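Just the heavy atoms: all of them, side chains too, but no hydrogens, waters or symmetry mates, feed the values below. Note that the structure is predicted; figures quoted are calculated from it, not measured. Chain A is the first sequence line, chain B the second, and so forth, proteins listed ahead of strands; every chain is numbered from 1.
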2 protein chains.
Amino acid sequence: MEDGSERLRWGVRRRLEFIDFRLFWDGRFNRSDLATTFGISAQQASADIGHYEKIAAANLRYDRAEKAYIRTDDFAPAFIGETIERYLLQLVAIENRWMRPGDTWFDAIPPIEVLTLGRRPTDPAVLLRVLDAIRKHQEIDIDYASLTGSVQPSRTIAPHALAHSAGRWYVRSWSRDHNDFRDYNLNRIAKVIDHRPASVDVSLDYEWAQKINLVIRPNPGLPPERQAAVASEHAMTDGKLIRPCRLSLSFYLMSEYNLDVEPGVLKPEKQQIVLHNRDEVTQARASSRQMSIEALARASTGGE
Amino acid sequence: MEDGSERLRWGVRRRLEFIDFRLFWDGRFNRSDLATTFGISAQQASADIGHYEKIAAANLRYDRAEKAYIRTDDFAPAFIGETIERYLLQLVAIENRWMRPGDTWFDAIPPIEVLTLGRRPTDPAVLLRVLDAIRKHQEIDIDYASLTGSVQPSRTIAPHALAHSAGRWYVRSWSRDHNDFRDYNLNRIAKVIDHRPASVDVSLDYEWAQKINLVIRPNPGLPPERQAAVASEHAMTDGKLIRPCRLSLSFYLMSEYNLDVEPGVLKPEKQQIVLHNRDEVTQARASSRQMSIEALARASTGGE
DNA sequence: TTATCGCGTCCAGTTACTTGACGCGATCAG
DNA sequence: CTGATCGCGTCAAGTAACTGGACGCGATAA
C-alpha cells in the first residue's frame, strides 16, 4: 500500500489524512464531513475524495443507500499509519475535558469510559514562565501552595527540567531557601512573580543527572502462570525488566507501582512486580543527594 | 485580546495557530520555521506573519540580531487558547514513543522526563475490528493471550465499550464461553478472526450500566496539614470527593490508588486517600454482577 | 407521483500560493 | 574596512487551489 508520498500541499495532505482517519475509526465518511470540518466547498471536497481514490482506490467505495463512503475489507491506512496511540490519547483527553471533541477529528466518540480522579488544570501563564526560566537559566520567585494551605512567603527557585509521572507534573529546581535541589508540583505553583538570571550550576544536581537501572521482576509470591503473564505484559526478558531511571525520579515510579512497600505487606495481586535492587536504589539516591548538597555548600561559600 | 475569530481558511488558520504555539512554548520563531513545517514558500510565510501581526500585533516583535520573532511580555495566546493540557500530553506521548516529534509542532522539546514502565503498543488491526464490533453489535472470535502464555482455543466475545484506566485499555464484552460480561485487556487480543451479528442484549450488563458514587477522603492517619493538602490536590469539598463510577470499573480505580487495601496495612503516605464506602461498593458490585448473570441465564434458556 | 438530499461535474472568477528577482540590515571572516 | 552570507520584506507574473452558481443523477420519503 502506498503511503501517500506524493508531493501534496500541506492542507490537501491533511484532508486526505482526515479521510484515512474517518475510514479507520468510523468505517465511513461523507463529502459534507470533509467540507464542514475544513470549511471548504462541496466541490473541493469532491476533488479531494477523487484524489484519495487515486492514491488508495481499494480503501473505500461509495454506498448510495448509505449516502456515504464505506471502508472496504482490505482497507489499509495510507496516511495515518501507526499513529493509533496518538488518537487513543486524544480519546482520554476528551473524556478528561482536556480537549474538546471539536479539536479532534472524531465524529462519533466511541463508547469509552476513562477513569481517573482528575486533577486541577495547569495554568498556562505559570507553565510559560517556568519554561522560560528553564530555557534562559533564570531563577524565579513563586507563590507555592504549601501543604498546610496557609499563605507562605514567596519562594525562589531555579528550575531546570520538567518531569511527569503518574499524572503529575514536577518542576525540578534548585531552592534558594534550602540551597538544594527539589521537586515542585507544577499545579501547586499559583503564580510566578519575578525572575532574574540564575547563579546556580544545575550540573550539581547529581540526583537528577545520575541514572540507575531499576531491576524489576514479577512478584515471586504469585503463581507461576501469573508471573509469566506479568513478565509478558511488561515485555520482560529472562523474567526481568531493566528500566534506567534518574535517581530523583525513582521514588515516583516506586510509589506508583507499590515497589516501595516491604515484601509480604501487600497481597501479591496488589504488588505484581517487585524491585530487585531496592536497597541499592535507595542508597544511591541518598548518597547522590548528599553529594549534591555538599557541592552546593562548597560553591556558595567559595563563590559569594 | 482577540481570539482570531476572523473567517480564515483552514490552512491559514492552522499556520497562525502555529505562530501562537511557537511563541508560547519557545518564545520565538523564524520565517523559515513556518515555511518548512508547512511546506510553503518564504513569501507566503511572510504574508502569514503579517496576517498574524494584524490580529495580535502586541504579541511579537522582530529582533534583527536574533533573526527571529520574539514573544513580548504582554503576549496573550490569540489562537491556542486553553489547550495547554493537549500539548503536555503530546510531550508525554513523544517521550513514550507513541508520537514522533515531527507529528507535533514542538521545535526544541523542553527538557522533560516521562516516567512509566511502558506497555506494548496497540495493534491497529485489532482495534479497528473491535471498534467495528462495538458499533455494529457484532460478536467476534479472538485469539487472546492467556495468563499462562499457552495457546488457547479462540474465544468468542461481544464487545460493547472501551475503558481506560491506569494506562491500560479494556474491552467490556459479553463472553460466550462463560455467558457473562467481563473485561478483556485490549493489548492481549492478538487477533480478531471472525465476526457475526451478536445476539446478546448489552443492556443486561448491569455491572457496567449501574454507577455508584465513590466517597473518597484523605487518610485520617495523615497529619492534619497533609490531609488538607490532599483534599486540596483532589479539589475535595468538605473534606471529601464524590466520584461517580461504573461498578465494573470501580475495581481499577480502587486498585490504582490503593483504595482496596485494608486500612492500617500500608503507611498513610502510601495511601493518601481512602474509600469511605468500600463495603457498599464491593457489595453493590457483587450483587449487580449476580443479577446480570441470572438475567443472561434466563434470556438464553428462554430465547434459544 | 413530487420533494428532498447527497453526490458528481462543467463553468468562470477569486484567492492562495508559487517562482524569480531585488534591496535592506546585521553578522562574520579576511 | 570590505565583501560574502543570511534572513527578512516586497514587487511582479504565473499557477494551483478553491469558490460560487448551475445542472443532472440516483435513492429515499411523503
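Under the salt bridge (charged side-chain N to carboxylate O under 4.0 Å, His left out) criterion, B/R31 pairs with no residue, sequence neighbours left out. Judged as a salt bridge (charged side-chain N to carboxylate O under 4.0 Å, His left out), and not counting sequence neighbours, the contacts of B/D205 are B/R172. For A/H160, the ring pair (Phe, Tyr, Trp, His ring centres under 6.0 Å) partners two or more places apart in sequence, or in a different chain, are A/F181, A/W208. Partners of B/D141 according to the salt bridge (charged side-chain N to carboxylate O under 4.0 Å, His left out) rule, which considers only residues two or more places apart in sequence or in another chain, are B/R196. Taking the ring pair (Phe, Tyr, Trp, His ring centres under 6.0 Å) definition, one finds that B/F106 meets it with B/F21, B/W25, sequence neighbours left out. Partners of B/D201 according to the side-chain hydrogen bond (donor to acceptor under 3.5 Å, both in side chains) rule, which considers only residues two or more places apart in sequence or in another chain, are B/S203. Every residue was checked against the salt bridge (charged side-chain N to carboxylate O under 4.0 Å, His left out) condition with A/R86, not counting sequence neighbours, and none meets it. The ring pair (Phe, Tyr, Trp, His ring centres under 6.0 Å) search around A/F29 returns A/Y69, not counting sequence neighbours.
Only B/N30, B/R31, B/S32, listed by number, bring a heavy atom of residues 16-37 of chain B to less than 4.0 angstrom from any atom of DNA chain D.
Taking five base pairs at each end of the helix from C/dT1-D/dA30 to C/dG30-D/dC1, the local helix axes there meet at an angle of 40°, rounded to 10°.
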| request: Mark up nucleotides 18-30 of chain D, 5' to 3', with B wherever a protein heavy atom is under 4.0 angstrom from a base atom, S wherever such an atom reaches only the sugar-phosphate, and - elsewhere. | output: BBBB----SSS--

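We find that CZ of A/R14 is positioned 18 Å from C1' of C/dA16, with the value rounded to whole Å. Atom pair A/R61:CZ and C/dC7:P shows a separation of 15 Å (rounding to whole Å applied).
Residues B/R28 and B/D63 are not paired through a salt bridge, judged by the lack of any N-O separation under 4.0 Å between the basic side chain and the carboxylate.
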Report all side-chain donor-acceptor pairs from residues 35-44 of chain A shorter than 3.5 Å, counting only partners two or more places apart or in another chain.
from  : atom 1 : to    : atom 2 : distance (Å)
A/T36 : OG1    : A/S32 : O      : 3.0
A/T36 : OG1    : A/D33 : O      : 3.3
A/T37 : OG1    : A/D33 : O      : 2.8
A/T37 : OG1    : A/L34 : O      : 3.4
A/S41 : OG     : A/Q44 : N      : 3.3
A/Q44 : NE2    : A/D48 : OD1    : 3.4

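Residue A/F38 is out of contact with every strand shown, counting any heavy-atom pair closer than 4.0 Å.
When the side-chain nitrogen and oxygen atoms of A/S46 are compared with OP1 and OP2 of C/dC7, none of them lie within a distance under 4.0 Å. In this structure, B/Y62 does not reach the C/dA26 phosphate: none of its side-chain N or O atoms is under 4.0 Å from OP1 or OP2.
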